[in-house]
Number of protein chains: 2
Amino acid sequence: MTIRLLLADDQDLIRGALSALLELEEDFEVVASVGRGDQVADAAAEHRPDVALLDIEMPGLDGLAAAAVLAKRLPACRVVILTTFGRAGYLRRAMEAGAVGFVVKDAPPETLADAIRRVMAGQRVVDPALAAATLAAGESPLTARERDVLNATRSGAGVADIAARLYLSEGTVRNYLSAAIAKTATRNRAEALRVADERGWL
Amino acid sequence: MTIRLLLADDQDLIRGALSALLELEEDFEVVASVGRGDQVADAAAEHRPDVALLDIEMPGLDGLAAAAVLAKRLPACRVVILTTFGRAGYLRRAMEAGAVGFVVKDAPPETLADAIRRVMAGQRVVDPALAAATLAAGESPLTARERDVLNATRSGAGVADIAARLYLSEGTVRNYLSAAIAKTATRNRAEALRVADERGWL
DNA sequence: ACCTCGCCATGACATTTGTCAGGGTCCGGC
DNA sequence: GCCGGACCCTGACAAATGTCATGGCGAGGT
């Protein structure tokens with residue numbers, strides 16, 4: 001009995017390559033392949049895959065959000081997140097979104113097929129080292145507002161811009177930034193943004 | 001007559017997948033596959049590929065530097081850069097390093113095989129849209145020092161840290177930063193770094 | 001009802017960052 | 001031989017950023 005797969009990755013070439021890799025296994029069949037997160041649920045509803053392989057960075061809807069939608073609409077379809085970044089926060093959010101597997105793109109090639117079969121057998125599949133890192137990073141101590149403000153600094157915007165965009169006063173924005181800097185134990189926004197990102201606090 | 005290929009990409013899974021994709025073509029044979037830039041030249045010397053497919057982001061030596069080494073040691077081996085980022089500066093530097101092809105990872109899957117055959121036929125292969133963008137971005141107006149300083153801000157370090165790391169005075173660092181901000185027509189380091197990155201000026 | 005806590009805000013302050021106007025060396029090209 | 005430009009530095013100033021003390025409002029918990 002063959003395992004039906006759905007593949008979601010925004011890079012066409014990679015998607016094609018993964019498809020080629022997976023089709024080498026006799027018990028796998030790629031039944032759907034999409035390039036946007038917001039096409040995942042529809043494609044899954046139509047082709048009824050056993051396992052969905054989702055990249056995180058995708059236009060439309062990211063892989064984590066797509067996983068959540070999928071878990072709701074087709075609980076029978078198991079979700080494996082397949083991503084470039086072994087970030088702690090990604091793993092936590094993947095689990096919260098109902099994923100049962102998490103594979104990073106620099107794992108050895110056999111890992112993927114292996115993970116898919118294990119997931120089909122009802123197991124959860126996670127790199128142990130990454131799981132440890134995730135626990136170490138802990139829950140995000142940032143409040144929703146602090147997250148918003150920190151995220152808004154991404155483009156390099158100044159306090160005034162952020163205040164305008166979020167309808168806050170400049171003083172308030174500075175406060176949140178200050179709080180975020182304190183909580184990340186850093187010395188300025190740029191650093192705070194970087195470590196919050198790494199820890200998956202955004 | 002089959003085309004012998006060398007594959008270099010730091011992500012094992014992707015490398016395996018690309019290999020699977022390429023092996024589907026009867027006239028292709030992947031004769032070597034490495035995960036670090038500094039292994040490219042040796043592997044090529046040993047296996048004599050006709051075409052080397054190099055990712056840019058790699059540990060040891062990046063794909064562009066590896067291309068330059070390869071062009072020197074095995075001029076018969078044609079280089080195709082295969083990268084995630086269609087950044088203008090990457091393309092320019094790839095051409096300067098002696099690459100004859102440039103393919104982005106979100107191109108349609110057939111593109112790759114096509115590019116390889118075209119390159120074997122003596123043609124250069126570049127996405128026209130990207131080529132236009134590269135010309136539009138122009139040469140980098142940044143001096144070597146301005147590049148250094150701007151690059152050093154990546155981690156979010158302050159002026160004092162950078163000054164220490166580069167053995168410059170704080171005033172000088174501020175000057176270079178100021179110059180870089182002016183040349184990118186932005187309003188602070190973060191923005192300057194972002195646009196310089198996009199334009200391939202680093 | 002009271003307390004806590006997240007959220008919003010203010011104003012004052014120290015520090016950091018960006019700008020400007022200098023002045024110095026060294027090198028390659030006209 | 002002189003000029004221009006990359007490179008290094010200083011010091012002074014304005015603007016942006018980060019910190020702190022303080023207070024009001026609303027929601028949830030005891």
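Worth knowing before you read on, the calculation uses all heavy atoms, side chains too, and leaves out hydrogens, waters and symmetry mates. Just so it is clear, the structure is predicted and the values come from calculations on it, not from any experiment. Below, chains carry the letters A, B, ... as their sequence lines are ordered, and counting in each starts from 1.
In this structure, the CD atom of A/E191 is 14 Å from the C1' atom of D/dT17, given to the nearest Å. The interatomic distance linking A/E170 (CD) with D/dT19 (C1') rounds to 16 Å, in whole Å. Rounded to whole angstrom, the span from the CD atom of A/E146 across to the C1' atom of C/dC5 amounts to 12 Å. When rounded to the nearest whole Å, the span between CG of B/L193 and P of C/dT17 equals 15 Å. In this structure, B/L142 atom CG and D/dC7 atom C1' are separated by 15 Å, rounded to whole Å. Taking atom CG of residue B/L166 and atom C1' of nucleotide D/dC9, one finds them 15 Å apart after rounding to whole Å.
With A/Y90 as the aromatic partner, A/R87 meets the cation-pi criteria of under 6.0 angstrom to the ring centre and within 45 degrees of the ring axis.
Of the residues in residues 176-188 of chain B, those lying under 4.0 Å from DNA chain D by heavy-atom distance are B/Y176.
Of the candidates C/dC7, D/dC9, D/dT19, C/dC7 carries the atom nearest the A/R145 side chain, counting heavy atoms from C-beta on. Relative to the side chain of A/R174, the nucleotides C/dT10, C/dA12, D/dT10 differ in distance, and C/dA12 lies closest. Set against C/dA12, C/dC7, C/dA9, the side chain of A/A144 has C/dC7 as its closest nucleotide. Taking every side-chain heavy atom of B/T143 into account, D/dA6 is the closest of D/dA6, C/dA9, D/dT10.
Side-chain to base pairing of B/N175 with D/dC9: one donor and one acceptor N or O lie within less than 3.5 Å of each other.
Of all heavy-atom pairs between A/A107 and B/D12, the closest is O-CB, 3.2 Å. Closest of all the heavy-atom pairs between B/I14 and B/K105 is CG2-NZ, 4.4 Å.
Side-chain contact, B/T153 with B/R189: no donor N or O sits under 3.5 Å from an acceptor N or O.
Using a 4.0 Å cut-off between charged side-chain N and carboxylate O, A/R118 and A/D114 make a salt bridge. Under 4.0 Å is where a charged nitrogen must lie from a carboxylate oxygen, and between B/R194 and B/D197 no such pair does. Salt bridge absent: B/D62 and B/R36 never bring a charged side-chain N and a carboxylate O closer than 4.0 Å.
The phosphate of D/dC7 (OP1 or OP2) has no side-chain N or O of B/T172 nearer than 4.0 angstrom. Contact annotation: A/R189 side-chain N/O to D/dT17 OP1/OP2 distance is under 4.0 Å.
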